[in-house]
Structures are given as C-alpha cells and as structure tokens.
Number of protein chains: 2
Amino acid sequence: MTRKIIRPKTNKKNLIIRRLSLYLRTLDHLKKKGVEVISSSHLEKIEGITQSLVRRDLAEFGTFGVRGVGYNVPLLREHISQILGFDQNWRVVLIGAGGFSSVLIHSESFQKRNLKIVQIFDKSSDYIGKSIEGIPIQDMAQLEQELDSRHVDLAIIAVPPPEVQHTINRLGHIGIRGALYFASRPVDVPENMVVLNMDITVELAVLTYQLR
Amino acid sequence: MTRKIIRPKTNKKNLIIRRLSLYLRTLDHLKKKGVEVISSSHLEKIEGITQSLVRRDLAEFGTFGVRGVGYNVPLLREHISQILGFDQNWRVVLIGAGGFSSVLIHSESFQKRNLKIVQIFDKSSDYIGKSIEGIPIQDMAQLEQELDSRHVDLAIIAVPPPEVQHTINRLGHIGIRGALYFASRPVDVPENMVVLNMDITVELAVLTYQLR
DNA sequence: TAGATTGTTAATCGATTAACAATC
DNA sequence: TAGATTGTTAATCGATTAACAATC
C-alpha cells in the first residue's frame, strides 16, 4: 500500500440506480401507452441495455417478474419508483431565481417525481419580493433565518459558478442534506451532505470527442 | 451464445473522456490562479480520482508529465483540450428558443470550449423573427431549407419532450452529426449520428436514493 | 545524491454477459 | 405439453488500483 487516503467511497450502487431510473422513465411512457407487460428482452431494445443486465438490476432489489411472462408494467413502475425514493414527497429549495430556475419549476420532471419547490432564494433585488408560480423569492442574505432544514429535503443550486461553493457551505451549515448544482467546477462537499453535479461541458466533451 | 443483437458498442473510452473533462475544468481553474505545475496526487485530492487513475488516463493519450516534477498546468490544459476536440471551433444550432436556450447562450461554458451558436430555430410565433444575442430566431418549419449541415457541427435540442424524437429525425436527415437533448425519455438515434442526453430526473434519482 | 513523481506493468476488483434450471 | 421468460450462478470481460523501475 502506497497511500492511505480515506475517501467516502462513491456509493456502490450508483450505476444500477442510474439504469433503474432509465427503466422508470420508459415504464412511465409504456404505462401511458397502455402496455401491460414487458419482458427484459423488449427493454433491451428500448434502452440499449442487455436483457441479462436488466434482470440482474431488478433482482438486486426483489422479485418483480413472472417466469415465462415478463414484468407487469404498472407494478414494476411502482416498485422502481419506491426503490428510488420517489414514492415520498421531496421538498425542494431553489437557490437562484434566474432563467434556469424558471425552466426547472415548469418542467414536468418535478411533479412526475414528487418533487415540490417550496422556497426560492436569490440575492438580486431584481428578483427579491417577486414570485415564480406563486412562490415568493426571498433574499439570499436571509437564508440562515428563513430556511429551515426541517422543512426542506434538498436544494437545487442555480447560481453563478463562483458562488456555488459558498452556497453549498451555507446549506450544509443549515443542515440541508442533498444538493444538485450545474456549474462546471468541482466543489468541496461538507460532511453529511450528498452533492451532485450536472456539467454540460462534460457532455459536450464526449460529443466533440466522438465527432472529432 | 443466446442472442445476436448488433449494437453500436458504446464508445469504449467514454469513461476516460468524462474524467479528462473533469481534469480540464480544474486545470482551467488552476491556470487562472497562476499555478504552474500539478502532480497526480494533488489532482487526486481535488477530483477524488486516484493518482494512479489520473496518470493512466493521461498516459492513454501521450506523455505529458515530467518524472519527479509533475505536469505543467498550461501545457496539460492544451493537450487535454485538444484530445477532447476543443481546440477547434464548433458551430452549434439551437433548436428551441425557450428559457433554457437563453441560459445556455449566456453560459460561459460555451465560449470557454470554443462553441459558437450560429443559428436558432423555434416553432412558436412568439419567438420567430426576434433574436437572442444578435442571432435571429428562425422558423422551425423552415429547418430543412435554412439549416445546412456544412455550416453547423452539432445541435442543442431544447424543445418539449414530445418533439424531441421528431427533431432528431429531421436533424439526422439534414446531415447534422451530433446532438444533445435534455428530455427525460429515450430516443431512437439515426445512423451516423451521435446523440447524447442529459436527464435531470436521473440525477435526482441518485440523490433521492441516497437520502432515502 | 536523495527525494519526488511519472509512465507502465502486474494484480485486483467489480461489473457485465452468458447460460440454464425453474416455472409460468 | 411446448414455448417463453424469469431469477440466478458461473464465466468473462473491463476498469481500477498497487507497485515499482525510470528519471527528473
């Protein structure tokens, strides 16, 4: 052994969880179309994930299918939804009231997954006092006074990149347990917080690399 | 062998490319701070990726470091930038002129990575004829007439979910080779096209799963 | 020279695929 | 019963880590 760095080992099941959430969105779609039963080999065609892996992913969490038949669409949908935690309501605080936030708040993904935006904060006087979809925009300076981690489960951070780290620190201090941010930079994650990042430059890199 | 499905095997190096793009954004930052040299063990602390893997990732594409010293920050930045294809200019068409697009167009990620938005299309008369940042919004109905794949390298698709598949089909037909979309649904990808997806519900699932 | 850090190979670990008995 | 498809185990494949000689 050369090193002894302790690292909060990146949650083992993440790959499975990501795939489950692909299955879930397809099941949403199939259910809407009225499809009753689906087999792993049919999912393979839709998702581009081998039938073996589909069955293995599901078997990780239980026995949801019927041999010789397949999986019941509405039932499997419920099961996966529950595994991912979407059976319960999630109260979300939006940090940053710019264009991105108003896109999010109108997105169907939020309702579909039981996420509800309960508070919005921004530091700009252009926004403070106004409201989006009936939710008043509060002053970022009052975050510690106005945000109570007992009433909010996670944060969506849509502030300019230089402010992300500080925002996360403040949220961590208040006791918010999870956050998602979009800036193209790494952050230090406070203890006891789960922080995820969606970085469009990463996807663009994959795209340009492949097209090069 | 049970199956014989032919699948365009998901590009082998994707994992490395994603990490390179994390290194790149950190190098951007370090360069701005004036840091001249960085070692793989320092990158390990910043990225949460083992020094071994950092060295291996880089070695995949060349010899960029100096033994006993480390990596020259501006030089390594140039190298990675080139590997990912960001040394050349990329002409981008935006499909959909809604809130999301105007966020993208103002984002620093685009300039930083040599991406330039050259055309914008939308189907709504609320947008057609207006312009964003000096780029006129054209009528989606005229896509085939007005969009020339010889002048555009890739597409960013920010249209409502039900329109994504049709949009991709049209772009493929016109000869656009790459696209990125944000809807939470799978699509069929035309031959000779690379299509990537950023789905916020996938990230939210990882988050809610871990917080559950 | 001594210390540091790379590039690279060998060892390990984990994830995916193939295969098949169980069972509808 | 014959055909289909699951759940699960064994085999394979690929990705990560450890280790170290090379070299600044």
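Naming convention: chains lettered A, B, ... in sequence-line order (proteins, then strands); numbering from 1 in each chain.
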Value in whole Å for how far the P atom of D:dT8 lies from CG of A:D57: 14 Å
Short side-chain to backbone donor-acceptor contact, B:Q138 and B:L143, under 3.5 Å: no
Could you check A:G68 against A:L53 and say which one's nearest nucleotide on DNA chain C is further toward the 5' end? A:L53
Under the criterion side chain to side chain contact (heavy atoms under 4.5 Å, CB included), which of B:L76, B:L84, B:I83 is the partner of B:L24? B:L84
Rounded to whole Å, the CG-P distance (B:N14 to D:dT16) equals 12 Å
Searching all strands shown, indicate the nucleotide that pairs with C:dA21 (Watson-Crick or G-U wobble; both distances under 3.5 Å). D:dT6
Kindly say if B:Y71 contacts the phosphate of C:dA4, meaning a side-chain N or O under 4.0 Å from OP1 or OP2. no
Which one of A:N197, A:V187, A:T167, A:V195 satisfies the side chain to side chain contact (heavy atoms under 4.5 Å, CB included) criterion with A:I157? A:T167
Could you check which nucleotide pairs with C:dT16 in any of the strands shown, counting Watson-Crick or G-U wobble with both distances under 3.5 Å? D:dA11
For atom CG of A:L58 and atom P of C:dA15, their distance in whole Å: 17 Å
Would you state whether a donor and an acceptor, one from the side chain of B:R56 and one from the base of C:dT8, lie under 3.5 Å apart? no
Among D:dA18, C:dG7, C:dT6, the one nearest B:T63 by side-chain distance: C:dG7
Nearest whole angstrom, please: distance from the C1' of D:dT8 to the CD of A:E60. 12 Å
Distance, rounded to the nearest Å, where B:I16 contributes CD1 and D:dT16 contributes P: 8 Å
Measure from CD on A:E44 to C1' on C:dT16 and round the result to the nearest Å. 12 Å
Rounded to whole angstrom units, what separation is found between the CG atom of B:L15 and the P atom of D:dT17? 12 Å
Quick note, B:R67 side chain, CB onward, closest among C:dT16, C:dT5, D:dT5 is C:dT5
Rounded to whole Å, how long is the line connecting atom CD of B:Q51 with atom P of D:dA19? 12 Å
Indicate whether OP1 or OP2 belonging to D:dT16 is found under 4.0 Å from a side-chain N or O atom of B:S52. no
What nucleotide among D:dC20, D:dG7, D:dA15 has an atom nearest to a side-chain atom of A:R55? D:dG7
State whether A:D153 and A:R177 are salt-bridged, where the test is any N-O pair (Lys NZ or Arg NE/NH1/NH2 against Asp/Glu carboxylate O) under 4.0 Å. no
Does a nitrogen or oxygen in the side chain of A:S40 sit under 4.0 Å from OP1 or OP2 of D:dT5? no
Just checking, any donor-acceptor pair under 3.5 angstrom between side chains of B:Q119 and B:H151? no
